[in-house]
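Since the structure is predicted, the reported quantities are computational estimates derived from the model, not experimental observations.
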Amino acid sequence: MYGDFSRLTHQPGKHYSAVLAQQGRVQLDADANEQAAIELFRSRTLARDLIGTDGGPGKRPGDRPGEGPGFEITYVNGTHPDLAIGAGRYYVDGIQVDATRPQPAPAVPSGGPRPLDGDGADSDGVIPSPTSATWSYWNQPDAYRDPELPGDKLPTSFPFLAYLKVWDRSVTAVEDPEIREVALGAAMPDTAARVKTVWQVLTLSAQDLEVGDGGAATVRDAFYHWVDAQRSTALLAARAERPEGAADEPCLVRPDARYRGPENQLYRIEIHQGGTAERGATFKWSRENGSVTFPIAELDGTWVALSTLGDDDKLTLDVGDRVEVCDSAYLSRGEPAPLLRVEEIDLPGRRVRLSAEPLPGIGALPERHPFLRRWDHASTGTPGHRPRTDGGALPVEEGTWLELEDGLQVYFNPGSSYRPGDFWLVPTRTVTGAVEWPANAAGDPLLRHPLGIDVHYAPLAWITGENSHSDLRRVFYPLATPLSDLNADAQES
């Protein structure tokens with residue numbers, strides 16, 4: 001999760017069930033966030049234990065529209081073949097997702113309401129255009145599919161699989177301005193961030209799934225075999241080692257400190273380009289957990305007009321900084337674009353000139369809330385900074401300790417495969433002059449899997465033709481039984 005956090009402390013293996021506040025103690029963001037994580041982990045674990053890997057609530061008498069099992073898939077032929085996504089709820093690994101499409105509330109027209117005639121048209125003869133009650137493959141809210149992109153098109157031959165992809169991502173006021181409390185004033189920072197559950201209906205061809213015309217059980221087994229292949233095998237360790245020449249530094253920190261940074265930080269090490277180290281996997285890092293962002297007001301070639309250049313010298317942009325042009329579609333699609341360099345800054349105009357134009361379609365639409373995210377591996381020619389690739393990120397080097405800055409080092413385990421977005425968080429503390437990272441009894445840092453992105457999958461439908469498919473969803477029903485039915489059964493027995 002991106003955000004200005006001190007650290008994330010929830011560890012399921014410790015089996016904590018609650019966070020208890022004590023009188024007269026300092027209240028930290030980590031305590032409140034751990035309580036939220038405990039509740040979320042418990043509710044999702046319970047749902048998965050009861051429901052299984054995936055399932056939706058069975059339709060019951062008296063249910064309102066959208067209260068049955070969601071994500072029923074229907075193939076729709078046309079110029080751009082489509083999939084209709086049925087309304088309702090579904091659970092994937094205990095995570096609730098809802099395909100019910102919100103309907104806009106009616107508005108009062110300027111000049112007051114206009115009477116409707118028998119055909120539903122107003123006095124000007126205009127019939128309000130209806131809003132579809134369901135989503136489709138092309139307009140689903142967080143997938144941003146483009147009919148002009150070959151990789152987004154539905155498979156051209158039958159059969160193929162429609163499946164559900166689910167994960168959590170953090171959202172701040174940069175992406176959703178309604179989060180910000182305007183009563184605090186523009187000079188005040190935003191408050192809490194949010195966690196959003198993202199779902200996407202995507203497809204796999206029979207060739208990708210490595211299955212023929214098998215039945216539902218065969219397709220399910222092949223799908224979960226494919227899911228296993230998507231998992232990251234990346235492992236990373238972190239430590240702090242006193243750099244050479246530290247004795248010659250001014251005494252800004254303790255002379256014996258291994259971590260030499262002047263401030264407490266939450267470093268984020270994130271995979272940018274996935275794959276393996278031999279095939280060009282790259283990473284980027286931020287000492288502020290990727291929380292330094294700048295809303296984009298306008299894009300004009302390589303010039304970017306920003307709503308703000310930051311609140312202080314620490315949280316601003318400088319020439320040479322590496323930035324990532326982001327918006328809601330870019331973050332949801334998970335396809336990394338090159339990191340760009342800040343070449344020039346126009347302070348009065350709140351503009352920066354980048355080393356290249358952003359890729360087409362990224363950052364240009366205001367409704368997608370575009371912004372720049374600053375990364376901190378910008379400097380060149382300083383100890384510990386590896387040569388960058390053309391994409392502006394650092395190449396993953398396995399089997400050796402890589403120094404980031406101020407004595408902080410990371411180690412990528414040999415033989416790993418990496419996914420874009422895999423990330424690790426490393427809290428560094430000046431009071432100890434060290435990093436907070438688990439170690440064994442001998443003090444050796446332990447290798448850890450990424451904290452995220454934790455992606456979950458479920459099969460929905462095996463599309464065998466324009467008018468035929470196998471529904472792969474599963475349903476469950478309430479445990480409660482009417483007491484009258486139990487009494488009747490008892491009397492019969």
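- Residues Ser416 and Thr233 bring no donor and acceptor atom of their side chains to less than 3.5 Å of each other.
- Within a 6.0 Å sphere centred on CG of Asn467, other residues, nucleotides and ligands contribute 12 heavy atoms or fewer.
- When only modelled atom types and interatomic distance are considered, Thr218 and Asp221 share no side-chain donor-acceptor pair under 3.5 Å.
- Checked options Arg220, Arg48, Arg473, Lys165; the residue passing with Asp54 is Arg220 (criterion: salt bridge (charged side-chain N to carboxylate O under 4.0 Å, His left out)).
- For the pairing with Tyr457, the ring-ring contact (aromatic ring centres under 6.0 Å, His included) check across Tyr224, Trp167, Trp226 returns one residue only, Trp226.
- Although no hydrogens or angles enter the test, the distance criterion places no donor-acceptor pair under 3.5 Å between the side chain of His369 and the main chain of Ala173.
- Counting heavy atoms of neighbouring residues, nucleotides and ligands inside a 6.0 Å radius, atom NE2 of His10 exceeds 12 of them.
- A cation-pi arrangement is present between Arg268 and Phe423 under the rule of less than 6.0 angstrom and at most 45 degrees off the ring axis.
- Asp152 has a carboxylate O that lies under 4.0 Å from a charged side-chain N of Arg333, or vice versa, which qualifies the two as a salt bridge.
- For the residue pair Glu270/Tyr2, the side-chain donor-acceptor check at 3.5 Å is satisfied.
- Between Trp138 and His80, the two ring planes are perpendicular [angle over 60°; tilted spans 30° to 60°].
- Summarising the geometry of Leu372 relative to Val352, their closest heavy-atom pair is CD1-CG2, 4.1 Å, with the distance given to 0.1 Å.
- Under the 3.5 Å distance criterion, with hydrogens and angles disregarded, a donor-acceptor pair is assigned to the side chains of Asp98 and Thr100.
- Of the possible polar contacts, none joining the Asp321 side chain to the Leu317 backbone as a donor-acceptor pair under 3.5 Å is found.
- Salt bridge status for Arg231 with Asp422: absent, with no side-chain N to carboxylate O gap under 4.0 Å.
- A donor-acceptor pair under 3.5 Å is formed between the side chain of Tyr90 and the backbone N or O of Arg474.
- Considering only heavy atoms from C-beta on, Leu347 comes within 4.5 Å of Leu309 through its side chain.
- Within 6.0 Å of the CD atom in Gln230, the count of heavy atoms belonging to other residues, nucleotides or ligands exceeds 12.
- Under the 3.5 Å distance criterion, with hydrogens and angles disregarded, a donor-acceptor pair is assigned to the side chains of Asn139 and Ser136.
- For the 3.5 Å distance criterion, the side chains of His377 and Lys284 fail to qualify, holding no donor opposite an acceptor.
- Nearest heavy-atom pair across Ser332 and Asp142 is CB-O, 3.1 Å.
- Between the side chains of Ser291 and Arg373, no donor N or O sits under 3.5 Å from an acceptor N or O.
- If you check the side chains of Glu466 and Tyr75, you find no donor sitting under 3.5 Å from an acceptor.
- A donor-acceptor contact under 3.5 angstrom links the side chains of Glu324 and Tyr330, judged on distance only.
- Closest approach of Thr276 to Tyr418, counting heavy atoms only: CA-CD1, 4.3 Å.
- Relative ring orientation between Phe223 and Tyr163 is described as tilted, the plane-to-plane angle lying within the 30° to 60° band.
- The pair Arg351-Glu344 does not meet the salt-bridge criterion, since no charged nitrogen lies less than 4.0 angstrom from a carboxylate oxygen.
- Few gaps surround CD on Glu39; more than 12 heavy atoms of other groups in view lie less than 6.0 Å from it.
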